[in-house]
Each structure stands twice: as structure tokens, then as C-alpha cells.
A.B. asks: 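Mind having a look at this structure? Questions to follow.
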2 protein chains.
Amino acid sequence: MSTSSAGEPPRGYHHGDLRATLLQAAGALLVESGAGAISLREAARRAGVSHSAPYRHFADRQSLLAALAAEGFAELGARAGQVADLADFGRLYVEFALEQPGRFGLMFSAELDKARHPDLAQASKRLHDLLEAGVSRVAPSRDPQVVATAAWSLVHGLAHLLLAQQLGALDESSRRTMIEAVTRLFGEGLRG
Amino acid sequence: MSTSSAGEPPRGYHHGDLRATLLQAAGALLVESGAGAISLREAARRAGVSHSAPYRHFADRQSLLAALAAEGFAELGARAGQVADLADFGRLYVEFALEQPGRFGLMFSAELDKARHPDLAQASKRLHDLLEAGVSRVAPSRDPQVVATAAWSLVHGLAHLLLAQQLGALDESSRRTMIEAVTRLFGEGLRG
DNA sequence: CCTCTATGTTGACACTGAAAACATTCTAGC
DNA sequence: GCTAGAATGTTTTCAGTGTCAACATAGAGG
């Protein structure tokens, strides 16, 4: 116990929980400097392990990123599960994206091949199912797939455009206003 | 003239039009294997030039990508300019994205810092202005900024979700149907 | 003609993903 | 307990990349 402080169990040759530690390190990199800054070597470095060790847990770099993305879907799904109203879901969705831009970008990155990462595909499908269920409740008379796609497209596009600074520099309050207005506009379309 | 064939002017030490050639090579790479596969060295290789030559025309890799993105905005803007109806714009937008996924992704990549690339910012603003003008025509009674943002979010999100294979594997026809249905739904919202 | 400047080239450095060969530890089955 | 064999880490190595500095060449303007 002499060389380890609180929270870090003593580690010998074997790390004990490298996979989780790598995910944590990569998550920190994601927040600090974006997905492009994530490297297996830096993650290994931060985990205090050789540069090659990550390959025992992730087949390649993309697999690490896919795992990070899956985490994101899980968290977003958990938050969405606590919400009944469709508009709340929209707000929550955009807020998640703005709060964790790197993670959000990763979750919908075209670089991540879902066929190669079943976990990711499953996590993302769960969110999709959740949305469709919500939509059926709100607009039962319409084709739920179409409405769900429209609803998702709307909030997803808004989040993406905001992140890409495509809508100009909006301050916190006008951003909120825009989010409200856009989702309300959609709600009107549903009822009309 | 003995060493050059048609279309390729004879080149000595100086290339003559390296910048354009590099953009073309990078564009090909973008189509072939995505933005991630674009490297300055490979572009140089394809242009038949030393690995360091690109730096005379692009400050760094990101600047090359930004130039490619700006090209994309220009082309999309040109196409959009020939269209009057807002719904046509939506279709055109999504089709462009599906036709040139790599380019589209680049155009809205969060990695590209618009502040560092005024050309890109300008090209993107032009498209935005075009859209707002179209919106004012269709729904003059509403706040054009809100409606434009909603319209853009909708088509942008749909394009992005389709590209990310987030909506499941749709064949050509059901994809068209979905695009039609989603844009129509939005049109109803505008009139309602 | 001759210099100045734009454009290319060479060579180096640090970093990365990835694979192969080797070392250590943990865990079953005896 | 002891001991194979499976997991997990390490070392070493390779090819590729972005970027920079020092140098070479060509073209344009005086």
C-alpha cells in the first residue's frame, strides 16, 4: 500500500481494469481536445501502460471510438427514459449535444462502421425505439416511422448546426429561444 | 512536348497549377475513401510533386480540407440558386449530401474552424442567406430566422442521419419516400 | 541582364497505428 | 498446492503522417 494513494489500487504487471481506464482516458481526451486528439498511445500513456497494451482490449482505434460512442448512446438513452413529453426529449437531445459535443459527434460519425460494432448498433437502436414509442403516444394517427424520423431529424440537425457554428454565434439565451421555437414549430406541425 | 500527353501541360520544376491539382487529388481521395484518408503527402504524390510542396499552397492539412469544404458550399449554393420552391431546396439538399457524403461531412465538420478560414465562413453564409430568402417567400408571416433554422435543421438532420446509417438500411425508393414525407410534414407545419 | 520572390525539393523529427515476438500473471483442472 | 494454458502487458519494429528548416530553381520586373 506504500506506493498507491486512495482510489488507485496497487497495480503490478497486470493493470486490473485497463479497458475501463482506457475508456476514461479517451473520454478525457475527447472532452479536452476532440475526437481527433484521441490516440491509443496517449490513452495508454495516461493509463500508465505500454503503448501496445490497448490492443488487448480494442482491436484498433476505431473500436475504441465505437466504445466511447456506445457509452454516449447509453447515457442519452438513460436521460431520455426519464422524460415523457416529446418536446422535452428534443430539448434534452440538443442539450446533450451541446454539453458533450465530441461525444455527440462520435455517436453519429460516419467513420464508425456499425456493422463492425454490434454494441454500438444496438445502443443506437435502443434510442431509436425509445423515440418511436414517444412519437406514437403524441401523434398516433400518423405513420410513426415518418414522424419519428422527422422529429429526430429536426433536433439532430439543430444540434449539429449549432455545433458546427453554422447558425452564427448565438449566446446562451438566444440559443435557448431558438431551440424552443424550433421544437414548438414542429409540435404545431404534428397537431395540424 | 515529348513527355506530356493531352490535358497535361509539360511541367518542369514548377508545376504551374499545383493548388488546383492538389484540390482535385484531395477531392478524389475524399470520394474514394473519405476525409480521413486525405493526406497532404498522398495528394502531393498524386500531383507528382514532393511531399512538402503542398505547404506552399496550404498552411496545414486543415486548410486543405477547408478549401474542399468551401468548394462544396459553392456547388450546393449554385444548385440551390436554380430552385424556387422550399421543398425543392430540401430535396436538393439531401440529395447532395447522399451523392457526396464525404464533401458534405467536411462542410459541416466541427473540426474546421471557421474563424481560421474566412473563405469557408463566407461560402457557408451565402448558402444561409439563400435559404433565409427562400423562407421569407414561403412563410412571410413568421420569424424568418426561426423558420429557416427549422427548415435547415430538418433537412440537415435527415441527411446526416441517413449518412450515419442511423435510420436503418433504406433502399433507394423508401429513402425517396421518407424524404418526401418528412419535407411535406414540415410544409404542413409552416402553413398550419 | 540580374536580382527578388514565388514555388519546389531534400532531409529531418516526432508522432501515430499496427503487428510480431516475448514476458508475466491468473486461473482451471488435476 | 501444482501446473498447463489462457489472458494480459511489454518490447521492438515498421510504414505512414504532419510539419519545419535549409536549400534549389525558375520566372518576373527592374
Side-chain angles (χ1 to χ4, degrees), chain A residues 3-4 8-26 28-30 32-69 106 109 111-113 116-117, chain B residues 1 3-4 8-26 28-30 32-69 102 106 109 111-113 116-117:
Chain A
T3 61
S4 76
E8 296 174 12
R11 299 178 337 214
Y13 190 96
H14 281 152
H15 180 286
D17 198 8
L18 222 207
R19 193 190 147 90
T21 305
L22 288 171
L23 279 174
Q24 199 176 343
L29 282 167
L30 185 60
E32 290 167 22
S33 1
I38 298 177
S39 82
L40 291 173
R41 293 178 100 112
E42 179 61 23
R45 222 168 279 136
R46 295 191 176 198
V49 104
S50 84
H51 65 238
S52 217
Y55 286 91
R56 296 293 164 190
H57 299 274
F58 301 99
D60 52 20
R61 180 174 184 270
Q62 188 186 145
S63 298
L64 207 208
L65 300 185
L68 284 175
L106 222 43
S109 166
E111 318 286 325
L112 262 42
D113 183 2
R116 271 192 57 200
H117 303 284
Chain B
M1 289 265 205
T3 61
S4 77
E8 295 175 10
R11 296 178 340 212
Y13 190 96
H14 281 149
H15 180 286
D17 198 9
L18 223 206
R19 192 190 147 90
T21 306
L22 288 170
L23 279 174
Q24 200 175 344
L29 282 167
L30 185 60
E32 291 167 21
S33 358
I38 298 178
S39 81
L40 291 174
R41 293 177 99 112
E42 180 61 23
R45 221 168 280 137
R46 295 191 174 198
V49 102
S50 83
H51 66 234
S52 220
Y55 284 91
R56 296 293 165 189
H57 300 274
F58 301 100
D60 51 22
R61 180 173 185 270
Q62 190 186 145
S63 298
L64 207 210
L65 300 185
L68 284 175
L106 222 44
S109 166
E111 318 285 326
L112 262 42
D113 182 2
R116 270 193 56 202
H117 304 284

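Naming: A, B, ... by sequence-line order, numbering from 1 per chain. Everything numeric here is computed off the predicted structure, so don't read it as measured data.
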A.B. asks: B/Asp60 CG to D/dT19 P: how many Å, rounded?
C.D. replies: 5 Å
A.B. asks: Using only side-chain N and O atoms of B/Ser39, determine if any of them is under 4.0 Å from OP1 or OP2 of D/dT17.
C.D. replies: yes
A.B. asks: Considering just the side-chain nitrogens and oxygens of B/Ser52, establish if one lies under 4.0 Å of OP1 or OP2 belonging to C/dG8.
C.D. replies: no
A.B. asks: So, under a plain 3.5 Å distance rule, would you say the side chain of A/Arg19 forms a donor-acceptor pair with the base of D/dT8?
C.D. replies: no
A.B. asks: Please determine if a side-chain N or O atom of B/His57 lies less than 4.0 Å away from the OP1 or OP2 oxygen of C/dG8.
C.D. replies: yes
A.B. asks: So for B/Arg41 and D/dG16, does any side-chain atom that can act as donor or acceptor lie under 3.5 Å from a complementary atom in the base?
C.D. replies: no
A.B. asks: Starting at CG of A/Leu22 and ending at P of C/dG17, how long is that distance when rounded to a whole Å?
C.D. replies: 12 Å
A.B. asks: Please give, in whole Å, the distance from C/dA14 P to A/Glu42 CD?
C.D. replies: 17 Å
A.B. asks: Would you say a side-chain N or O of A/Arg45 is under 4.0 Å from OP1 or OP2 of C/dT16?
C.D. replies: yes
A.B. asks: Given atom CG of A/Leu29 and atom P of C/dC15, what is their separation to the nearest angstrom?
C.D. replies: 15 Å
A.B. asks: To the nearest Å, how far apart are B/Leu65 CG and D/dT17 P?
C.D. replies: 14 Å
A.B. asks: Nearest heavy-atom pair of A/Ala44 and A/Ser50: which atoms, and what distance?
C.D. replies: CB-O, 3.4 Å
A.B. asks: On DNA chain D, does the nearest nucleotide to B/Arg56 precede the nearest nucleotide to B/Gln62 from the 5' side, or the other way round? Give the residue.
C.D. replies: B/Gln62
A.B. asks: Only counting residues at least two apart or in another chain, list the ones meeting side chain to side chain donor-acceptor pair (under 3.5 Å) with B/Asp113.
C.D. replies: none
A.B. asks: Using a distance-only criterion (donor-acceptor N/O pair, under 3.5 Å, no hydrogens), is the base of C/dG11 paired with the side chain of B/His51?
C.D. replies: yes
A.B. asks: Give a yes or no on whether a donor-acceptor pair under 3.5 Å exists between the nucleobase atoms of C/dG17, that is its base, and the side chain of A/Arg61.
C.D. replies: no
A.B. asks: Taking atom NE2 of A/His57 and atom CG of A/Asp17, what is their separation to the nearest 0.5 Å?
C.D. replies: 8.5 Å
A.B. asks: Can you measure B/Asp17 atom CG to C/dA6 atom P for me and round it to whole angstrom units?
C.D. replies: 17 Å
A.B. asks: In Å and rounded to the nearest 0.5 Å, what is the CZ to CG distance from B/Arg46 to B/Leu22?
C.D. replies: 12.0 Å
A.B. asks: Tell me: CD1 of B/Ile38 to P of D/dG18, nearest whole Å?
C.D. replies: 10 Å
A.B. asks: Output the distance between atom OG (B/Ser63) and atom CG (B/Leu68), rounded to the nearest 0.5 Å.
C.D. replies: 11.0 Å
A.B. asks: Taking CZ from A/Phe58 and P from C/dG17, how many angstroms apart are they, rounded to a whole number?
C.D. replies: 13 Å
